[in-house]
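Below: the structure, in structure tokens.
Chain naming here is simple, since letters A, B, ... match the order of the sequence lines and numbering starts at 1 in each.
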Amino acid sequence: MPRQKTGTMKAEEKIAAVVAEMIHEVTGKTPENKHLALQVTRREFEGDLTLVVFPFLKALRQSPEQAAQTLGKAIVERLDEVSSYQVVKGFLNLSLSDDYWQRQLAEALTGEENGGHEGPAAAPAGKEEAEGVGGQAPVVVEYSSPNTNKPLHLGHVRNNLLGYSLSLLLEAAGQKVIKVNLVNDRGIHICKSMLAWMRFGQGESPESSGKKGDKLVGDYYVQFEQALRQEVEEIMADQGLDRDEALSRASLMREARDLLRRWEARDPKVMQVWSMMNGWVYEGFDKSYQRLGVEFDKVYYESDTYLLGRDIVLEGLKKGLLYQKEDGSVWADLGADGLDDKLLLRTDGTSVYMTQDIGTAQLRHDDFHARQMIYVVGNEQNHHFNVLKKVLHKLGKPYADTIHHLSYGMVELPDGRMKSREGTVVDADDLMDEMVRTARKTTEALGKTHSLDEKEKDLLYHTIGLGALKYFILKVDPRKNMLFNPEESIDFNGNTGPFIQYTHARIRSVLRKAGDARMQEALLAMRGAPIIPKEKQLLKLLFEYPSVVEEAATSMNPGRVANHMYELARSFNQFYHDHSILGEADQASSSFRLCLARYCAEILRTGMGLLGIELPEKM
RNA sequence: GGCCCCGUAGUUCAACGGAUAGAAUAGAAGUUUCCUAAACUUUAGAUACAGGUUCGAUUCCUGUCGGGGCUACCA
């Protein structure tokens with residue numbers, strides 16, 4: 001069901017009400033809400049809204065045709081908004097009057113808000129009560145969650161775009177949203193890049209080398225792994241040991257572990273290198289985030305949360321909620337949940353990944369008392385989050401139930417997943433560079449940049465390139481794995497971001513030509529214009545938008561919005577190809593089309609905005 | 001081995017249990033004196049397989065086959 005609007009009642013709700021009433025009159029039963037939901041009539045049939053009558057047949061004791069006829073007749077009689085109905089098999093197709101459509105359009109264009117952006121204030125009054133949550137408890141969305149030993153790659157790109165878009169979607173659906181990042185800034189992998197830098201770096205810095213900070217640190221991590229592999233090979237050859245044994249004897253590995261111990265002991269020298277190198281990485285990340293257009297309200301660092309996690313675990317142990325083995329390691333018994341027991345503190349008392357996440361969850365809960373804590377994390381960690389929830393339950397934390405893992409699929413390459421060992425990792429910055437380069441090439445080839453200065457051009461190419469990338473990724477259902485082929489550049493034609501951007505630019509061009517005065521006139525002058533099929537199709541898509549946003553928010557799937565935006569743009573192009581807006585002789589029709597085009601541009605802008613995609617005025 | 005996810009045109013993606021399974025791209029053929037041809041039109045092409053549930057299944061259930069993930073005192 002569409003969200004209840006303050007003020008006017010939508011035709012759909014009135015229709016549903018009439019149907020419910022009719023069914024009740026005849027049968028004495030109240031039909032289920034889900035059966036009263038209307039769907040937009042498919043393109044190939046006449047009508048605007050469709051009611052499926054099959055669910056009512058038993059109660060009404062009528063044939064599909066009869067039932068549809070009865071209901072259709074009653075609806076047309078009782079509601080001015082509905083002008084006619086057609087019955088096709090068990091489907092009742094209702095047509096709304098042209099006048100109703102035009103009133104809706106005028107209202108949409110003059111209202112303060114446009115579709116889907118109602119803001120928290122417009123949320124229905126008893127909503128919080130109904131959910132038993134006091135006030136405006138926010139939703140916390142964690143995304144990005146990078147490690148500080150490697151630059152961002154394509155997988156992070158999907159994660160960041162999803163997390164950011166999801167946050168905007170939830171806000172559009174009336175929630176208060178806090179965007180957070182959790183930086184994994186501690187652990188053996190960080191020590192590896194530190195060690196390599198200390199050994200081989202000779203004081204190299206981003207300034208001295210001109211390298212982006214995250215890249216520089218990533219290079220040392222790679223260098224460590226190479227040096228380590230070489231040392232291990234040598235040990236294996238010289239001493240005839242197997243790989244595991246050789247690994248544990250390798251001096252590099254021992255030094256890295258030693259570094260970790262010194263770090264945990266807060267050795268000032270180690271801390272100094274650590275914070276310096278992390279600083280470089282953050283500078284680099286910030287550049288990438290800025291280019292991607294994502295941001296955070298708060299950043300958590302694992303180095304701040306793992307100790308809290310350890311305290312919580314120790315407390316749980318004291319309370320007897322956890323158990324300790326003879327070697328000193330601490331475990332959660334998850335046998336009752338059908339899972340293996342989970343280690344929470346190692347024999348030497350240090351923390352594991354799970355321990356840190358326990359601390360993070362607690363800290364986050366204390367900070368925001370969120371109604372929901374969403375973690376945008378890859379589906380390879382399904383098990384981890386399952387266990388996390390179970391462990392928190394075991395520890396008696398009620399917020400365990402507020403945790404939701406938005407488990408998204410991997411980005412795969414034609415030969416499978418990215419592997420750093422095989423050098424197939426697609427770097428985020430490189431990818432963005434390439435997108436912008438392609439945007440430049442394509443745009444210049446079309447020769448449409450005369451009127452822009454250099455700065456405007458750069459901005460435009462960035463907008464188009466990033467638009468293509470974001471749309472490419474967000475149009476896919478987050479839960480599914482998706483494929484990226486580095487050999488083929490991401491498309492700019494067809495079902496793509498630039499296609500939608502281009503459609504918007506064309507509309508804006510028409511609107512500029514019309515001018516403000518004519519636009520104002522049009523609002524009043526459009527009444528009485530007959531609506532033709534291609535206009536009707538556009539109207540349907542435009543007014544379907546709010547429910548699409550709602551659906552996208554509840555299903556946490558920005559792809560819903562992306563695909564709707566494409567439908568809308570395509571539908572506009574079809575209309576625009578066949579019919580003139582400003583050249584139309586009939587004043588009412590021309591005005592109506594102008595309004596239609598304007599609303600179309602607005603919905604495209606807000607909808608694409610929810611995907612983090614900007615739409616240029618010209619391109 | 002166990003658990004989880006996924007199999008839709010050549011390819012990449014759609015489809016609250018609803019009508020004749022939509023698009024894009026690649027292929028073939030067209031459209032520009034006209035508000036931006038990054039557009040529009042036509043054409044051909046798919047639900048892995050076998051059962052079941054029901055008015056109706058790509059969607060839900062069972063089995064088979066195929067792909068991926070997880071199953072660390074890594075993160």
Side-chain angles (χ1 to χ4, degrees), chain A residues 34 37 39 41-45 50 52 54-55 57-58 64 88-91 93 145 147 149 184 186-190 302 325 327-331 338-340 342-348 350-354 356-357 378-384 386 407 409-410 412 416-417 439 442-443 445-446 448 464 468 472 475-477 479-485 488 491-503 505-514 547 551 554-555 559-560 562-563 566-567 569-570 572-584 593-594 597 618-619:
Chain A
K34 65 171 182 182
Q39 37 193 285
T41 305
R42 296 178 56 140
R43 225 177 262 251
E44 58 267 37
F45 298 99
T50 294
V52 183
F54 288 108
L57 298 183
K58 267 185 197 155
V88 182
K89 297 190 207 164
F91 299 87
N93 297 329
S145 325
N147 290 357
N149 62 328
N184 177 5
R186 114 198 148 87
I188 190 74
H189 48 289
I190 313 297
E302 205 191 306
K325 286 191 179 172
D327 61 12
S329 57
V330 179
W331 298 72
L339 296 170
D340 289 340
K342 177 65 196 174
L343 173 92
L344 297 174
L345 289 177
R346 296 191 185 99
T347 309
D348 63 5
T350 58
S351 304
V352 293
Y353 182 50
M354 185 63 70
Q356 166 280 128
D357 248 341
N379 62 14
E380 56 196 347
Q381 294 194 32
N382 285 352
H383 181 66
H384 172 79
N386 242 330
S407 162
M410 301 286 97
E412 290 174 336
R417 65 192 299 189
T442 310
T443 309
L446 290 168
K448 295 184 179 181
I464 296 173
F472 175 81
K475 77 172 179 186
V476 181
D477 185 332
R479 288 154 193 85
K480 292 190 177 171
N481 288 358
M482 64 177 292
L483 190 122
F484 173 80
N485 188 348
E488 302 167 12
D491 244 309
F492 282 49
N493 297 323
N495 186 357
T496 67
F499 170 89
I500 298 167
Q501 290 174 319
Y502 175 68
T503 305
R506 287 170 100 193
I507 299 175
R508 293 299 306 164
S509 169
V510 174
L511 300 185
R512 273 196 304 276
K513 198 173 167 190
S547 66
E551 244 182 71
T554 20
S555 60
R560 295 282 180 124
N563 285 307
Y566 172 66
E567 289 278 307
R570 198 164 62 101
F572 178 83
N573 283 326
Q574 289 168 353
F575 155 75
Y576 187 56
H577 181 265
D578 290 358
H579 306 289
S580 183
I581 296 173
L582 300 175
E584 169 59 45
R593 287 175 189 171
L594 199 52
K618 299 176 188 173
M619 69 182 272

Exercise. For RNA chain B, whose closest nucleotide is more 5', that of A/Lys325 or that of A/Glu44?
Worked result: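 It is A/Glu44 whose nearest nucleotide is closer to the 5' end.
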
For this session: Identify the heavy atoms of A/Arg186 and A/Asn184 that sit nearest to each other, and give their distance.
Result: O-OD1, 3.0 Å

For this session: Please report the closest heavy-atom contact between A/Met619 and A/Gln501, naming both atoms and the distance.
Result: SD-C, 3.5 Å

Exercise. Hey, would you say the A/Tyr502 and A/Phe499 ring centroids sit under 6.0 Å apart?
Worked result: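 Here the rings of A/Phe499 and A/Tyr502 have centres that are no less than 6.0 Å from each other.
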
Exercise. Roughly how far, to the nearest 0.5 Å, is OG of A/Ser547 from CD of A/Gln39?
Worked result: 11.5 Å

Problem set entry | CD1 on A/Ile500 to CZ on A/Arg570, rounded to 0.5 Å | 11.5 Å

For this session: Have a look at A/Arg417 and say if it touches a base, only the backbone sugar-phosphate, or nothing, with a 4.0 Å heavy-atom cut-off.
Result: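 Touches sugar-phosphate only.
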
Problem set entry | Touch class at under 4.0 angstrom, heavy-atom based, for A/Asp357 against every strand present |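 Here A/Asp357 touches no strand at all.
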
Please list, for nucleotides 12-16 of chain B, all pairs of protein and nucleotide N/O atoms separated by less than 3.5 Å.
{"residue": "B/C13", "atom": "OP1", "partner": "A/Leu483", "partner atom": "N", "Å": "2.6"}
{"residue": "B/A14", "atom": "OP1", "partner": "A/Asp477", "partner atom": "N", "Å": "2.5"}

Give every pair of a protein N or O atom and an N or O atom of nucleotides 28-30 of chain B that lie under 3.5 Å apart, one pair per line with the distance.
none

Between [N] and [M], how far apart are the two [atom1] atoms, rounded to whole Å?
{"N": "B/A24", "M": "B/C40", "atom1": "C1'", "answer": "15 Å"}
{"N": "B/U36", "M": "B/A46", "atom1": "P", "answer": "40 Å"}
{"N": "B/A15", "M": "B/C6", "atom1": "P", "answer": "13 Å"}

Exercise. Does NZ or CZ of A/Lys342 lie under 6.0 Å from the centre of the six-membered ring of A/Trp331, at an angle within 45° of the ring axis?
Worked result: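 Judged by the rule, A/Lys342 and A/Trp331 form no cation-pi pair.
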
For this session: Determine whether any donor atom in the side chain of A/Asp327 lies under 3.5 Å from an acceptor atom in the base of B/C73, or the reverse, and answer yes or no.
Result: yes

Exercise. Mind checking what makes ring pair (Phe, Tyr, Trp, His ring centres under 6.0 Å) contact with A/Phe472, not counting sequence neighbours?
Worked result: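 For A/Phe472 there are no ring pair (Phe, Tyr, Trp, His ring centres under 6.0 Å) partners, ignoring immediate neighbours.
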
For this session: May I ask whether A/Phe45 stacks on the base of B/A19, given the cut-offs of 5.5 Å between ring centres and 30° between planes?
Result: yes

For this session: Using a cut-off of 6.0 Å, state whether more than 12 heavy atoms not belonging to A/Asp348 lie near its atom CG.
Result: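 It does: A/Asp348 CG has more than 12 such atoms within range.
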
For this session: Find out whether A/Thr496 and A/Lys475 are in side-chain contact, i.e. whether some heavy atom of one side chain is under 4.5 Å from a heavy atom of the other.
Result: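 No, every pair of side-chain atoms sits at 4.5 Å or beyond.
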
Exercise. What one-letter contact string describes nucleotides 33-40 of chain B from 5' to 3', where B marks a base within less than 4.0 Å of any protein heavy atom, S marks contact via sugar-phosphate atoms alone, and - marks no contact?
Worked result: --BBSBSS

Exercise. Taking protein heavy atoms under 4.0 Å as touching, what does nucleotides 53-59 of chain B look like 5' to 3' if B marks base contact, S marks sugar-phosphate-only contact and - marks none?
Worked result: --B----

For this session: Select one nucleotide: of B/A19, B/C73, B/A75, the one nearest the side-chain heavy atoms of A/Leu343.
Result: B/C73

Problem set entry | Pairing annotation in dot-bracket form, given for RNA chain B with Watson-Crick or G-U pairs under 3.5 Å and | for cross-strand partners | (((((((..((((....[...)))).(((((.......)))))....(((((..]....))))))))))))....

